[in-house]
2 protein chains.
Amino acid sequence: MPRAGLSRDAVTDLAVELVDSSPDGFAGLTLAAVAARAGVAVPSLYKHIGSLADLRRSVALVAVTELLRRSSATTVGRAGEDALRALGREIRAFAAEHPGLYEATQVAPAFDESGQDDPASLALAQAAVDTVDVVGAVLRGFGLPDARTVDAVRVTRAAIHGFVELEAHGGFGMPDDVGRSFEALLDVLVSGLVTLARA
Amino acid sequence: MPRAGLSRDAVTDLAVELVDSSPDGFAGLTLAAVAARAGVAVPSLYKHIGSLADLRRSVALVAVTELLRRSSATTVGRAGEDALRALGREIRAFAAEHPGLYEATQVAPAFDESGQDDPASLALAQAAVDTVDVVGAVLRGFGLPDARTVDAVRVTRAAIHGFVELEAHGGFGMPDDVGRSFEALLDVLVSGLVTLARA
DNA sequence: GCCCCTATGCTAATGTGATTAGCTACTTTT
DNA sequence: AAAAGTAGCTAATCACATTAGCATAGGGGC
């Protein structure tokens, strides 16, 4: 029996491909499906990953890392309203191109109450924090009072995430152009944040 | 063997209770768990429901119907900004009191491409439309041009849903008061929609 | 009050998926 | 070339959904 030459990264890569090509998205991530792609029996995967939950977190780390990369890339050299609009569009584009990965972006790290958190979960938590920090940096240009910054970051994340989620799950039944509605969301966000900064 | 006296509604009610009390929320809805609560063997449930997916949609119908009821109740007699704030707070409160049901609210009706949609799915779709219509009615008070109404409804739904989702899934890591951030979301929404109406 | 019929419950069996245990053989190290 | 570790395998177990087929409870008709 020849070896398949797998590794943790190789398995994760297969899982990432699967998640974005499966009609079930992130929920379609099963060990059976990954093993089939790898040309290997299901239990063989356990030589490289600890469990399905572990693999899910690996995929989540890839997802958050990529979202962070794109978020950073699109906002460097921009400020204020310009940066916020670019960030919003980039997140929406990421979700459109990688629906499974976008879902994975919401996976929580494993909290081990014994304090023995695994490194992958720590990395995932850190990447998530970094991604939120990008939003904070983008909002610096709005001149919000320090006491309101956390609120503004939450509002921004909520608005963009909510839109992308509803869009991805077919939550918009009307035939009207969704891209236009997203621009309206950005308009509302920009003018609302400007008002919030004045309060 | 005495009969358990089940019915479609009784099974759905048990499922509704389960979904809100299970730590796994809507994902914790399994036939095994429902059967245990009913004091019945798992296959017995099939006398009352068609499948797990069918039961999920039944729960979703209960959830959307209740959300619709509360949304309507809290907005009657209010208008404009007042109505929008009340609606937002009510949806957030519903999600806090019934996390499982709030999740269920996002379940899509079954689309049978043969055109043979079952009545439960039609009812679910109708209830969902009615719920979105409440948002539309609330926004009437903002004097938006007709061409912008759909955008505004989408923006409003996205913002509120996104916030509630992130909050429910522990997406807000900072220790700052989340209720205050939600009020900020409503502030941003109100001032943003007013601006949108002027554009 | 008795019989029949249907609805509601059951057990048994199948399929999918995750996980663990234990075996074997490839590949690298010494 | 032997030793050692690693990466694959099969077999078995567990949870859950689903289907098939059986038994009976309990109400409607006589």
Side-chain angles (χ1 to χ4, degrees), chain A residues 1-19 21-60 100 103-104 107-108 110 112 118 120-121, chain B residues 1-19 21-60 100 103-104 107-108 110 112 116 118-121:
Chain A
M1 66 188 75
R3 297 210 172 181
L6 289 181
S7 66
R8 183 170 234 279
D9 284 355
V11 172
T12 301
D13 286 351
L14 288 172
V16 165
E17 286 173 28
L18 177 67
V19 131
S21 62
S22 155
D24 296 332
F26 192 64
L29 174 54
T30 68
L31 295 186
V34 173
R37 284 196 173 225
V40 126
V42 174
S44 305
L45 297 176
Y46 284 84
K47 297 292 170 170
H48 308 285
I49 58 166
S51 66
L52 174 60
D54 175 39
L55 178 58
R56 275 203 241 244
R57 285 189 294 269
S58 281
V59 171
E103 278 184 75
V107 169
D112 196 330
D118 72 307
S121 281
Chain B
M1 63 190 77
R3 297 211 172 180
L6 290 180
S7 66
R8 181 169 235 279
D9 284 355
V11 172
T12 301
D13 286 351
L14 288 171
V16 165
E17 286 172 30
L18 177 67
V19 132
S21 60
S22 156
D24 296 332
F26 192 64
L29 174 54
T30 68
L31 294 185
V34 173
R37 285 196 172 223
V40 125
V42 174
S44 305
L45 296 175
Y46 285 84
K47 297 293 170 170
H48 308 286
I49 58 165
S51 67
L52 174 61
D54 175 38
L55 178 58
R56 275 204 241 244
R57 284 188 295 269
S58 280
V59 171
E103 278 184 74
V107 169
D112 195 331
Q116 294 297 331
D118 72 308
S121 281

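Predicted, not measured: the structure shown is a model, and the values here were computed from it. Reminder, nothing fancy here: chain letters follow the sequence lines and each chain counts from 1.
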Side-chain heavy atoms of A:Ile49 within contact of A:Val34, under 4.5 Å: no
4.5 Å side-chain heavy-atom contact, A:Ser58 and A:His48: no
Separation of atom [atom1] in [X] from atom [atom2] in [N], rounded to whole Å:
X       : N      : atom1 : atom2 : result
A:Leu45 : D:dT6  : CG    : P     : 18 Å
A:Tyr46 : D:dC9  : OH    : P     : 14 Å
A:Leu18 : C:dG17 : CG    : C1'   : 14 Å
B:Leu52 : D:dA15 : CG    : P     : 18 Å
A:Leu31 : D:dC9  : CG    : P     : 14 Å
A:Leu55 : C:dG17 : CG    : C1'   : 14 Å
A:Arg8  : D:dT6  : CZ    : C1'   : 17 Å
B:Asp24 : D:dC16 : CG    : C1'   : 14 Å

Heavy-atom pair of closest approach, residues A:Leu29 and A:Arg56: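 It is CD2-CG, 4.0 Å.
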Listed nucleotide nearest any side-chain atom of A:Val42, set D:dT18, C:dG17, C:dT19: C:dT19
Selection from C:dG9, D:dT18, C:dT20 that lies nearest to any side-chain heavy atom of A:Pro43: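 That would be C:dT20.
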Side-chain N or O of B:His48 closer than 4.0 Å to phosphate OP1/OP2 of C:dG9: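 Answer yes for this pair, as a side-chain N or O of B:His48 is under 4.0 Å from OP1 or OP2.
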Test: B:Asp54 and B:Arg8 ion pair at under 4.0 Å: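 Yes.
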5' priority, DNA chain C, between A:Thr30 and A:Lys47 [closest heavy atom]: A:Thr30
Touch class at under 4.0 angstrom, heavy-atom based, for A:Val40 against every strand present: sugar-phosphate
